[in-house]
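What follows is a set of notes on a single structure, which appears directly below.
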2 protein chains.
Amino acid sequence: MSQHRHPGAPGRAGAVPALPDLPEATVARLPEYLRALHNLAESGHETVSSEGLASAAGVNSAKLRKDLSHLGSYGTRGVGYDVALLVDQIEYVLGLTQRRAVALVGVGNLGHALAGYDGFAGRGFRIAALLDADPSRVGEEINGLVVRHVDELPRVAAEEAIAIGVIATPARAAQAVADQLVAVGVTSILNFAPCVLSVPEGVDVRKVDLAIELQILSFHEHRKASLTALPATGGSALTALPGGLAVTDTQEAIGT
Amino acid sequence: MSQHRHPGAPGRAGAVPALPDLPEATVARLPEYLRALHNLAESGHETVSSEGLASAAGVNSAKLRKDLSHLGSYGTRGVGYDVALLVDQIEYVLGLTQRRAVALVGVGNLGHALAGYDGFAGRGFRIAALLDADPSRVGEEINGLVVRHVDELPRVAAEEAIAIGVIATPARAAQAVADQLVAVGVTSILNFAPCVLSVPEGVDVRKVDLAIELQILSFHEHRKASLTALPATGGSALTALPGGLAVTDTQEAIGT
DNA sequence: CGCGATTTGTGCACGTCTTCACAAGCGCCT
DNA sequence: AGGCGCTTGTGAAGACGTGCACAAATCGCG
Ligand SMILES: NC(=O)c1ccc[n+]([C@@H]2O[C@H](COP(=O)([O-])OP(=O)(O)OC[C@H]3O[C@@H](n4cnc5c(N)ncnc54)[C@H](O)[C@@H]3O)[C@@H](O)[C@H]2O)c1
Ligand SMILES: NC(=O)c1ccc[n+]([C@@H]2O[C@H](COP(=O)([O-])OP(=O)(O)OC[C@H]3O[C@@H](n4cnc5c(N)ncnc54)[C@H](O)[C@@H]3O)[C@@H](O)[C@H]2O)c1
């Protein structure tokens, strides 16, 4: 996609790449910018202003500029950011210059959907192994990959350089699987099971719990309902509040 | 599950329930506490200390106490929290006293997994409708629900009181689906498509983007690698840094 | 070559979130 | 009844994140 040859290391040669340690909030937004930039590149944009990129990513433009400034000065005042260059920079910082190998453990309901998803390739990842404990699932082929028994994890890890483990087993099995992943040297885990994992220091865990997302939405739904139920909030008679409900965290307004 | 009769409204009768407006960070953690509490209740605990609940939920105990204090004073000093009472309180605040109806739009790869998942029922939700635009999918039955055409959304919304819409369509269709959901009165949306949705004020959107989660993990993986590559950080010779890698955000240590 | 239009990068103030530390409260035991 | 140990609830301080507003930089044009 990107037609630029990026420097490999950010700026100067000689010294170590030395990742700037970014604020965690910034790290969480960089992937959004990256996705927006890929879209922009695809639609032929060579450069983009902070305003344009910000609205494409659904954030405030000042925040975006501050985020990008942490990577270095890759914009041009009066012009904007070079899309291809920025793509390369963000991919470099996120460690996406190499396609990272992902091992998926638990090929059930959800695991099948993940294994069959072809969208990860374009975002820097390659599902390198499918593992399950159920003998009747072992041997099944999904998307060109054969499901192997979870006990083969050490062998699999030796074959492929597994960078990230994804857990899609029932909650009761998740801790054991996490332990197995850690044992073979995996230091990044994405957990879909609704439970807390305990891992040694140096191992990162991120979790995705859909029920939690729904419950957060439910809270706001509940609050919105209780607000509309009592229109008078406090003592003021009917001052200038059109009928607006507060938004919380949400992305708004796009429009290229 | 809960054997307590909870008050309905938090404390006093007469006045409106009047949800305390909780910090957003607290709202995001309440579901975690709720899940941990359900586990504790199931294993026979009648009460739990902030320390115990905190470690079960993977957070700091001071943070947990402050979070709970926002709901009111439901603990007993010297003793801890009554598990059943706290479950009821949190469920009330999150608006889970009624089972909320969810409409799932896009019954493809991922949508099938969601539709077939039986874990939502225990967390306060009921998948009430499956919708898709593909005529060849319409009519298919999943888990006792028949897939209907997305154009029937207005009728579906009239039949069921849809509280939350879930979008599991390709990104290119997501905005149109969101618009349709908003048009039939849905004010909470969970979006799995990797794109920014534009919605009117008063509508909450939460997104789940798996590739973003992986990319965040990739960043930390990259950083860990670049750190181990250069053991000397700065000028100090070899001061007392065992060999530890920094953890970021992650949950650690459990153990009941 | 200089000027105005434009847009980045950032200092600063503000708000939110986290964590510590401890007084106040509760139950139990003597 | 009184004292003791335990645990909650919270004030205060610090860390972190956000957004405004503007100086500095760059481009294009006359
Ligand atoms: N399906 C969904 O839409 C959905 C939604 C939210 C959360 N989740 C969570 O995702 C996880 C997976 O859900 P699912 O619906 O795919 O469940 P599932 O039961 O369909 O699949 C689980 C798979 O894990 C395998 N497994 C069990 N123990 C294992 C072990 N020790 N090692 C390796 N594999 C093992 C099982 O053989 C099975 O194939 C669950 O924790 C669930 O709560 C799923
Ligand atoms: N499958 C995964 O594991 C996975 C992982 C990450 C992200 N996602 C995202 O989730 C979304 C769904 O993924 P998928 O793999 O299920 O895709 P899919 O192509 O298998 O399914 C999409 C479904 O949406 C339906 N659809 C298309 N346009 C529609 C419209 N206007 N109204 C209603 N339905 C419509 C299609 O008919 C199809 O059934 C995508 O945006 C994808 O990027 C999926």
Side-chain angles (χ1 to χ4, degrees), chain A residues 10-11 20-30 32-33 37 40 45-83 85-86 89-90 216 246-253 256, chain B residues 10-11 20-30 32-33 37 40 45-83 85-86 89-90 216 246-253 256:
Chain A
D21 60 348
L22 308 173
E24 193 56 32
T26 296
V27 174
R29 281 187 296 265
L30 287 180
E32 302 265 18
Y33 304 155
L37 284 166
L40 287 167
H45 293 70
E46 300 253 325
T47 64
V48 65
S49 69
S50 65
E51 198 67 51
L53 181 52
S55 77
V59 303
N60 179 307
S61 71
K63 184 151 54 181
L64 178 130
R65 286 199 299 276
K66 186 150 293 184
D67 283 341
L68 294 187
S69 76
H70 288 122
L71 311 186
S73 260
Y74 294 110
T76 309
R77 294 170 191 233
V79 177
Y81 298 91
D82 180 305
V83 172
L85 175 63
L86 207 47
Q89 282 304 325
I90 294 179
I216 294 171
V247 222
T248 29
D249 172 40
T250 316
Q251 354 123 318
E252 300 275 310
T256 306
Chain B
D21 59 349
L22 307 173
E24 193 56 32
T26 296
V27 174
R29 280 187 297 265
L30 287 180
E32 303 264 19
Y33 303 155
L37 284 165
L40 287 167
H45 293 70
E46 301 253 324
T47 64
V48 64
S49 69
S50 65
E51 197 68 49
L53 181 52
S55 76
V59 303
N60 179 306
S61 72
K63 184 151 54 180
L64 178 130
R65 286 199 298 277
K66 185 147 290 183
D67 283 341
L68 294 187
S69 76
H70 288 121
L71 311 186
S73 259
Y74 294 110
T76 309
R77 293 168 193 235
V79 177
Y81 299 91
D82 181 305
V83 172
L85 175 62
L86 207 46
Q89 282 305 324
I90 295 178
I216 294 171
V247 222
T248 30
D249 172 39
T250 316
Q251 356 124 316
E252 299 275 311
T256 305

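Just so it is clear: chains get the letters A, B, ... in the order the sequence lines come, proteins before strands, and each one is counted from 1.
Each of B/Ser69 and A/Lys63 lies near DNA chain D, and the nucleotide nearest B/Ser69 is the one positioned closer to the 5' end.
B/Ala57 approaches B/Glu32 most closely through the heavy-atom pair CB-O, 4.3 Å.
Under the side-chain contact (heavy atoms from CB on, under 4.5 Å) criterion, B/Ala54 pairs with B/Val59, B/Ser61, B/Leu64, sequence neighbours left out. Residues forming a side-chain hydrogen bond (donor to acceptor under 3.5 Å, both in side chains) with B/Thr26 (at least two apart in sequence, or on another chain): B/Asp67.
Residues B/Leu86 and B/Tyr33 have side chains not in contact (no heavy-atom distance under 4.5 Å, counting atoms from C-beta outward). In this structure, the side chains of B/Leu71 and B/Leu22 come closer than 4.5 Å at one or more pairs of heavy atoms. Looking at heavy atoms from C-beta onward, B/Asp82 lies out of side-chain contact with B/Thr76 at the 4.5 angstrom threshold. Residues B/Glu24 and A/Ile216 meet the side-chain proximity criterion, which asks for heavy atoms closer than 4.5 Å.
Using a 4.0 Å cutoff to heavy atoms of chain B, the contacted part of DNA chain D runs 5' to 3' from D/dC6 to D/dA12.
For the OP1/OP2 pair of C/dT7 and a distance below 4.0 Å, the side-chain nitrogens and oxygens of A/Tyr74 include no atom meeting the criterion. Listed pair A/Ser73 / C/dG9 meets the phosphate criterion, a side-chain N or O lying under 4.0 Å from OP1 or OP2.
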note = Reading nucleotides 20-30 of chain C from 5' to 3' and marking B where a protein heavy atom lies under 4.0 Å of the base, S where only the sugar-phosphate is that close, and - otherwise, the string is BB-BBBBS---

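Sorted by first and then second residue, the salt bridge (Lys or Arg N to Asp or Glu O under 4.0 Å) pairs involving residues 53-66 of chain B (not counting sequence neighbours) form an empty list.
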